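Report on the following structure.
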Amino acid sequence: MSRLDAGRHRGPEIARASLKDRLQQVSARINTSALKAGRAASEVQLLAVSKTQPAAILREAYALGLRHFGENYLKEALEKQAQLCDLEGLVWHFIGPIQSNKCRLIAEHFDWVHSVDRIEVARRLNDMRPPDKGPLNVCIQVNVSLETTKHGILPEALPALFSSVRVLPRLRVRGLMTIPAPPSQADLDPALPFRSLRRLMKGLEAPLDTLSMGMSEDLELAIHEGATWVRVGTKLFGERPR
Ligand SMILES: *Cc1c(COP(=O)(O)O)cnc(C)c1O
């Protein structure tokens, strides 16, 4: 093999090695923080947030054992799903803001939706869920930040939304999700949003098993407060293209 060929062959090798390294680092962070929190590492699942990443990268992640992928943009997600339809056991999670006119395709093509924050969307997802599939797993997205952000229901409106969503037969409410605003004040406890979400779920007094919280930078805090899904993009796949 010429030096040129050797160089050419090294590219993908390096890329694969680094995804593998990053996965090991993220897994180690999850395991360590679960242990510190006195929890079993198996209670915390890794959701690989693959928005903007090409299907080839997801295929590599699959080869490394990842099965759960989180996508934010419907069109992009559907394209990747088509490209990866030969892979068995993939589980697709929709984690982005939901427009009502996208509900049918989301209900047809995803296994989980983490970002339900209003009853109209919940009803549409319920109505559009194909009968040959099991109930759609959903989380209610809550805005627990003290800062104003666009998405998520406010804590005081959560109980009413939960009561309306839990009776929809084609949805299975699993728990709550949040994306905290970046901590703005140094003296603000960055674990607070995660603690609030845990308390809100407890307050619903229902058999819920899911707290979707924690991302690349703060997954330790979230796991300490009870996260069952951490949604990790950057620390797994590197900086996003675009
Ligand atoms: C992009 C995104 C993530 C991942 O963020 P990183 O900081 O890249 O880990 C998690 N959750 C949601 C809802 C996202 O949109």
Side-chain angles (χ1 to χ4, degrees), residues 18-19 21-33 44-55 57-58 60-61 64 66-78 80-81 91-99 102 106 109-118 121 125 136-145 147-153 174-184 190-191 193-194 196-198 200-201 210-242:
S18 60
L19 177 58
D21 291 347
R22 287 192 297 255
L23 174 57
Q24 277 171 358
Q25 284 161 11
V26 170
S27 304
R29 285 174 64 195
I30 293 173
N31 293 344
T32 306
S33 34
V44 186
Q45 297 203 72
L46 172 60
L47 179 58
V49 175
S50 45
K51 60 177 173 229
T52 76
Q53 303 296 341
I57 303 281
L58 280 75
E60 286 189 20
L64 294 169
L66 289 172
R67 293 295 178 270
H68 292 268
F69 293 92
E71 291 282 341
N72 296 57
Y73 311 109
L74 180 62
K75 184 169 172 286
E76 179 197 329
L78 295 180
K80 280 186 252 185
Q81 289 179 356
V91 183
W92 294 97
H93 298 239
F94 193 83
I95 63 174
I98 305 171
Q99 295 158 268
K102 304 279 169 68
I106 293 173
H109 292 273
F110 286 82
D111 306 291
W112 282 75
V113 177
H114 291 230
S115 43
V116 171
D117 64 358
R118 51 193 205 279
V121 160
L125 290 172
L136 182 63
N137 295 294
V138 302
C139 295
I140 297 179
Q141 182 174 351
V142 188
N143 180 356
V144 290
S145 291
E147 245 174 86
T148 40
T149 51
K150 266 186 293 177
H151 301 292
I153 182 128
R174 301 294 298 267
L176 305 180
M177 179 273 225
T178 197
I179 312 171
S184 53
F194 303 133
S196 306
L197 199 71
R198 171 164 56 78
L200 286 167
M201 186 160 91
T210 300
L211 282 171
S212 170
M213 58 187 195
M215 314 197 288
S216 286
E217 301 301 335
D218 55 13
L219 64 88
E220 284 86 358
L221 292 172
I223 290 171
H224 186 260
E225 297 298 335
T228 62
W229 283 112
V230 288
R231 309 180 308 267
V232 182
T234 312
K235 289 290 178 196
L236 198 55
F237 295 114
E239 292 298 325
R240 279 183 279 279
R242 252 186 241 172

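All ligand and atom numbering here is 1-based and tracks the order in the structure. In this text, all values refer to a predicted model and were calculated from it rather than measured experimentally.
Between the side chain of Asp111 and the backbone N or O of Trp92, at least one donor-acceptor pair lies under 3.5 Å. Within the 3.5 Å criterion, the main-chain N or O of Gly152 finds a donor-acceptor partner in the side chain of Asp117. Here the side chain of Gln45 pairs no donor or acceptor atom with the backbone of Val230 at under 3.5 angstrom.
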Quick check for students: name every N or O atom pair between ligand 1 and the protein closer than 3.5 Å, with distances.
residue	atom	partner	partner atom	Å
ligand 1	8 (O)	Thr234	N	2.8
ligand 1	8 (O)	Thr234	OG1	2.5
ligand 1	8 (O)	Arg240	NH1	2.8
ligand 1	8 (O)	Arg240	NH2	3.2
ligand 1	9 (O)	Ser216	N	3.1
ligand 1	9 (O)	Ser216	OG	2.5
ligand 1	9 (O)	Gly233	N	2.8
ligand 1	11 (N)	Arg231	NE	2.9
ligand 1	15 (O)	Lys51	NZ	2.6
ligand 1	15 (O)	Asn72	ND2	2.7

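Glu225 is linked by a salt bridge (charged side-chain N to carboxylate O under 4.0 Å, His left out) to Arg195, Arg198, counting only residues two or more places apart in sequence or in another chain. Partners of Phe194 under the ring-ring contact (aromatic ring centres under 6.0 Å, His included) rule, at least two apart in sequence or in another chain, do not exist in this structure.
Residue pairs that meet the side chain to side chain donor-acceptor pair (under 3.5 Å) test with at least one member in residues 211-220, sequence neighbours left out, are Arg29-Glu220, His114-Ser212, Ser212-Arg231.
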